[in-house]
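The structure appears right after this line, and notes come after that.
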Amino acid sequence: MAMTIMGGFAFDSVPAKAATSRRRIFDMDSKDKMLVAGSHVYSQGFGRILTDGWACRYIPATWM
């Protein structure tokens with residue numbers, strides 16, 4: 001995937017490839033029920049990606 005790096009941050013410079021790559025990763029995460037981590041999410045940083053057709057949802061992990 002082509003990236004443009006500015007000030008230590010990387011941005012997608014080929015949006016179509018970025019969308020295809022993200023979709024492939026989201027589908028893999030959902031199928032394998034992988035626990036994913038994110039730093040800019042509205043809830044705790046660990047959860048799962050669920051797909052339903054073209055839609056994707058982030059479901060925060062529950063901790064006991």
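- Side chain of Tyr58 to backbone of Phe46: a donor-acceptor contact under 3.5 angstrom is found.
- Within the structure, salt bridge (charged side-chain N to carboxylate O under 4.0 Å, His left out) contacts touching residues 27-38 (residues at least two apart or in different chains) are Arg23-Asp27.
- Residue Met28 comes nearest to Met34 through the heavy atom pair O-SD, 4.3 Å, listed as atom of the first residue, atom of the second, then distance.
- Note that CD1 of Ile49 and OG of Ser30 are 8.0 Å apart. Values are rounded to the nearest 0.5 Å.
- In this structure a side-chain-to-backbone donor-acceptor pair under 3.5 Å is present from Thr20 to Ala16.
- When every heavy atom of Leu35 is checked against every heavy atom of Arg48, the shortest pair comes out as CD1-NH1, 3.0 Å.
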